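To keep things clear, I will list the structure first and then write my remarks on it.
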Number of protein chains: 2
Amino acid sequence: MLKGCNLIGQTECNEGDQSLLAFSTVTRSVLPKNFFIATTREINNAVLKAEIAFEVYKDITGEIKAIFLDTIAEEIMAVGDDLIQRAILETGLQEARLIGERGRTIGQLKLFADLLREGSWVEAVIDTALPHRKPFPHADIRKMQVPIGPVVVFGASNFPFAFSTAGGDTASALAAGNPVIVKAHASHLGTNELVAMAINNAAKKCNMPDGVFSFVIGPGAETGMQLVKHPGVKAVGFTGSYKGGMAIYKAAVNERETPIPVYAEMSSINPVLLLPSKLKRDATTLAEQIAGSVTLGTGQFCTNPGLIFLIEDESADIFIKRFTEVLSNESPATMLNSDICLNYYKSRRIIAEQNGVITLFKGNDFSEVYQGSTALFLTSARDFINNPKLQNEMFGPATLLVKCKHALELLQAIESLHGQLTGTVIADNADVSNYLKCIDVLYTKVGRIVYNGVPTGVEVCQAMVHGGPFPSTTDSRTTSVGADAIKRFVRPLCLQDCPDEFLPEALRNENPLNLMRKVNGSYTRESL
Amino acid sequence: MLKGCNLIGQTECNEGDQSLLAFSTVTRSVLPKNFFIATTREINNAVLKAEIAFEVYKDITGEIKAIFLDTIAEEIMAVGDDLIQRAILETGLQEARLIGERGRTIGQLKLFADLLREGSWVEAVIDTALPHRKPFPHADIRKMQVPIGPVVVFGASNFPFAFSTAGGDTASALAAGNPVIVKAHASHLGTNELVAMAINNAAKKCNMPDGVFSFVIGPGAETGMQLVKHPGVKAVGFTGSYKGGMAIYKAAVNERETPIPVYAEMSSINPVLLLPSKLKRDATTLAEQIAGSVTLGTGQFCTNPGLIFLIEDESADIFIKRFTEVLSNESPATMLNSDICLNYYKSRRIIAEQNGVITLFKGNDFSEVYQGSTALFLTSARDFINNPKLQNEMFGPATLLVKCKHALELLQAIESLHGQLTGTVIADNADVSNYLKCIDVLYTKVGRIVYNGVPTGVEVCQAMVHGGPFPSTTDSRTTSVGADAIKRFVRPLCLQDCPDEFLPEALRNENPLNLMRKVNGSYTRESL
């Protein structure tokens, strides 16, 4: 039974008189439940509780934080099928996909729990004293990563579990030792509540301080911005549109007395280089494989391949023919929400209207049933290079083919690319040798290079980078998926000549946590 | 023989018709040499050459970059006494201090050379493939840190070697694999040229690509801003005033199509907590030690202790008496430049004028010979908490004592602090236990905590953090001193299913560089 409230620390609150309703693209109707928009007082209380909780939570041991994350995972599973059914209604995603995504979310929580138990993520570095060094003694200097304070998380509509309420941003911020305030995504308010209550149950079971987790309901431009501008907030995680991400990023720099980091993952068209020798061998198979990646989840992935480069030749024609066939045979499918559906058709109309763009295929241009149909466009490298609009994202099952006359044109097209989450290289060894320069430049444009695969399917692991140069994110130094996502919500703290008994455990001589540390320049788990 | 030119890659250029002159606070006169302001064309050429150099330099091995840094160190030493004498004239600093600072600069270059030779700083992380995992196979995923492109460095006036042309920003950016463009500090143009030419000699000897290093002359607001706004520039390092740092930071976010990171170290007053039990034992010695830190280098250090908290009692009075004596016995000394001298007297006048501030001692209020005299002010915790102006930096040999009635007032005063580079705790074990909460809050305000020492004297080592929460820097996630300064100028790049032969050496199966890597979650130097 949904409550429609905000959660301010452990307290359910609905002080306001304005509310939002969830709309289902599946039933094509408003769902029967009012979700109350948080008042300014509720928002301020959420931050205040988070600040107070931080005083305790920042010092909680890795083992206890790990138990908290594990318990969140258990509580989410305990919601059972109600969670999946509500998410289907609110997102239009298939049951199997949502069950898989729930598993991924649990996996993320467990990855961070493991990272906390191992412990070395704090990057302990120790330089011992040299009291007799001339002309001045060398002090004992030690450092480690410490949490920063309350983190605000804006969930994404396209991953209602894995990039939302208990998604990677929340998991990594909590793992680092920071309280989290989620701005609930308006597109899946019921799903958010069910997950949030699971987190809250876990917080209570684990005796976490009140305020370690809150969520508030309301429009991003008002409720969200109040959080972003609040002096008590120390960082923001966001996954969504370029417009939304940039508004938050600029507010965090310009409209606060103290600027804070904003990790916004925004917009990427994920170029694929289809190189000729490989293409010659596998044109048909590749067409089918890449078409599958374009249409996966009705194209609603940030790593959806929205741009495909090929060199003009016979194999390219074979590829294009089969690619067109496969895409045109794909049935339209329900999209996440009405805004995404409308924006998808609008953005693909804009691409279609650009000079030099040929529409090879497109399904129905609009759908009252909020379904996304596939589309395929073709342009020349020249036109692509000269028209930055061709780099605008179409968030849905559409892609743009770019035909290059030769390697030089391909190189110039790659040089003109904006920053991307991923770049895919479809190539055999001969191609790699022949197109080294093109691949080299592609490396400078992206966060992740995929060889002979598809960019969709972001593995949650130690080595993942889900991030990349602007405008794919606001901060290419980080990743929002994988173990290193935790690094976004910490800063280094250095302790000079601190008596051993007052040092945090991670920095003590005896190394009680058995961490891998850098001691006088060498990596070791030895005690001092 | 100084040339007064800019260095655009390896080419000496003076295309412009406007020039700057160096002024010596020692001779109190303009020095005889025109330094030509870079034209827009020269600035653009410097960036273009850096971009082209990057294509080669980013892939140069750690060993060769290490040789380059070592050679820069040798070439700086080879300039010999001319460098020291010019720096004395341009900065008013003492010979011994400048010789020491040159040694520190050489030490920084060698620290990064060692880091490159060891190699593990690239943070190689490898997750091997699980081709049979269900429901989907797990790809082979590897990542490492890679350089980002041309870096602009604004040197600081107060460290003409260690934080200027070949200082920590330049050394760490070059070590990471990025070309550097230095905006020469107007306060030591001759010193800059001598050091820059040494870097250029090293670049030539080591066959570095033309453009790996450039420097340009001109005012920060024009020449500097042209660089900051240039699309080819990928990051900025800055050490200087709050006003200058914030102008660069905001321009980098708001006046560029692609925002870039700005590492500005700006303003810090470095609070010292003098706790009562320790003070009772050592009031006189502590007064002398801390006074020495206040007046070191005529107070022109970013870590100068500008704020001292004490609890009212008899020992506090003994401390204050002796502290006043020592400071008032200190002779005025020449400051770095006329602006710094004028600003020092202005800022200390503003502190003196605030409600509730008592001037315990102050030397001459202005000096035509550009000398800074000491000053000591006293206020109450109440006044300190209520007046943010009392947190403005006095860059020079002055400090503010804040008397607290009791631990609670001390706690409130610490809670009101802005972000700082350092916080110092003068305490015995009893004090630490009694003032745990105060110390705990101080930890959240600073980049480095010093126990029973002084904050001046920033050791160049692996564990140093010279950074801290805003406004001490624009980015508390980083340090500008020590090994981790290199992390400011890299980003992670992930390679998925890349054939071993095309992987960078750091990520290859056989681990040819013998790096410490994280493989499937475990730290190891083993090959795969």
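Remember, it's a predicted structure, so these values are computed and weren't measured experimentally. Letters go in sequence order (proteins before strands), and every chain restarts at 1.
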Heavy-atom cut-off 4.5 Å, strictly under: side chain, backbone, both or neither for [X] against chain A?
X        : result
B:Met516 : side chain
B:Ser522 : neither
B:Arg517 : neither
B:Asp475 : side chain
B:Tyr443 : both
B:Lys234 : neither
B:Ile260 : neither

B:Tyr57: partners by ring pair (Phe, Tyr, Trp, His ring centres under 6.0 Å), with sequence neighbours left out: none
Pairing residues for A:Phe489 by the ring pair (Phe, Tyr, Trp, His ring centres under 6.0 Å) criterion, not counting sequence neighbours: A:Tyr263
What option among [options] has the most heavy-atom pairs under 4.5 Å with chain B?
options                                : answer
A:Ile439, A:Val432, A:Thr444           : A:Val432
A:Arg488, A:Arg525, A:Met144, A:Lys250 : A:Lys250
A:Thr474, A:Val146, A:Asn452, A:Asn254 : A:Asn254

Which atoms of A:Arg256 approach chain B - backbone, side chain, both or neither, heavy atom under 4.5 Å: neither
Neighbourhood of chain B inside residues 416-425 of chain A, taking heavy atoms under 4.5 Å as contact: none
Parallel, tilted or perpendicular: rings of B:Tyr242 and B:Phe470 (30°, 60°): perpendicular
Close side-chain approach of B:Asp114 and B:Glu118, heavy atoms under 4.5 Å: no
Pairwise side-chain contact, A:Val441 with A:Lys437, heavy-atom cut-off 4.5 Å (strictly under): yes
Partner residues of B:Lys110 under the salt bridge (Lys or Arg N to Asp or Glu O under 4.0 Å) criterion, sequence neighbours left out: B:Asp70
Have [X] and [Y] got a donor and an acceptor in their side chains that come within less than 3.5 Å?
X        : Y        : answer
B:Thr303 : B:Thr456 : no
B:Asn429 : A:Glu501 : yes
A:Gln496 : B:Arg448 : yes

